[in-house]
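Below is one structure, written out as structure tokens; the observations come after it.
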Amino acid sequence: MATASRHCPPCGGKPQDFRPVNQAEEDYLATLMPRTEAQGHWRCQGAGCRWVQPHLNQGKGRQLPVSFG
């Protein structure tokens, strides 16, 4: 699976590896926005981090619920 290094606000702004969201994460995001936007999100791979953001738009990021631990 592809990864990309991006700054992650919850991880202290440090660069972290991000991966495209999986199907369950995308399905959740699609309840909050159009599916076409949800498909473009990537998730931080930092330990315990639940931050997701559009691939090149940190300002539109958000935390996934705790259930996505």
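Computed over heavy atoms, backbone and side chain alike; hydrogens, waters and symmetry mates excluded. All values reported here derive from a predicted model rather than from experimental measurement.
Across all their heavy atoms, A38 and V21 have their closest contact at O-CG2, 3.8 Å. When every heavy atom of Q16 is checked against every heavy atom of G46, the shortest pair comes out as OE1-CA, 3.7 Å.
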Output side-chain donor-acceptor pairs under 3.5 Å for residues 59-67, partner residues at least two apart or in another chain, one line each.
none

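The shortest distance between side-chain heavy atoms of W51 and C11 does not fall below 4.5 Å. No side-chain heavy atom of E26 sits under 4.5 Å from any side-chain heavy atom of H41.
The CZ atom of R43 sits 10.5 Å away from atom SG of C8, with the distance rounded to the nearest 0.5 Å. Note that the CE atom of M33 and the CZ atom of R35 stand 11.0 Å from one another [nearest 0.5 Å].
With hydrogens and angles ignored, the 3.5 Å screen pairs no side-chain donor or acceptor of R6 with any backbone N or O of L56.
Under the ring-ring contact (aromatic ring centres under 6.0 Å, His included) criterion, the residue pairs touching residues 3-32 are Y28-F68, with sequence neighbours excluded.
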Go through the steps for Q23 and D27 under the test side-chain hydrogen bond (donor to acceptor under 3.5 Å, both in side chains), then give the verdict. CA-CA 6 Å; Q23 191 63 53; D27 289 345; 2.9 Å; yes

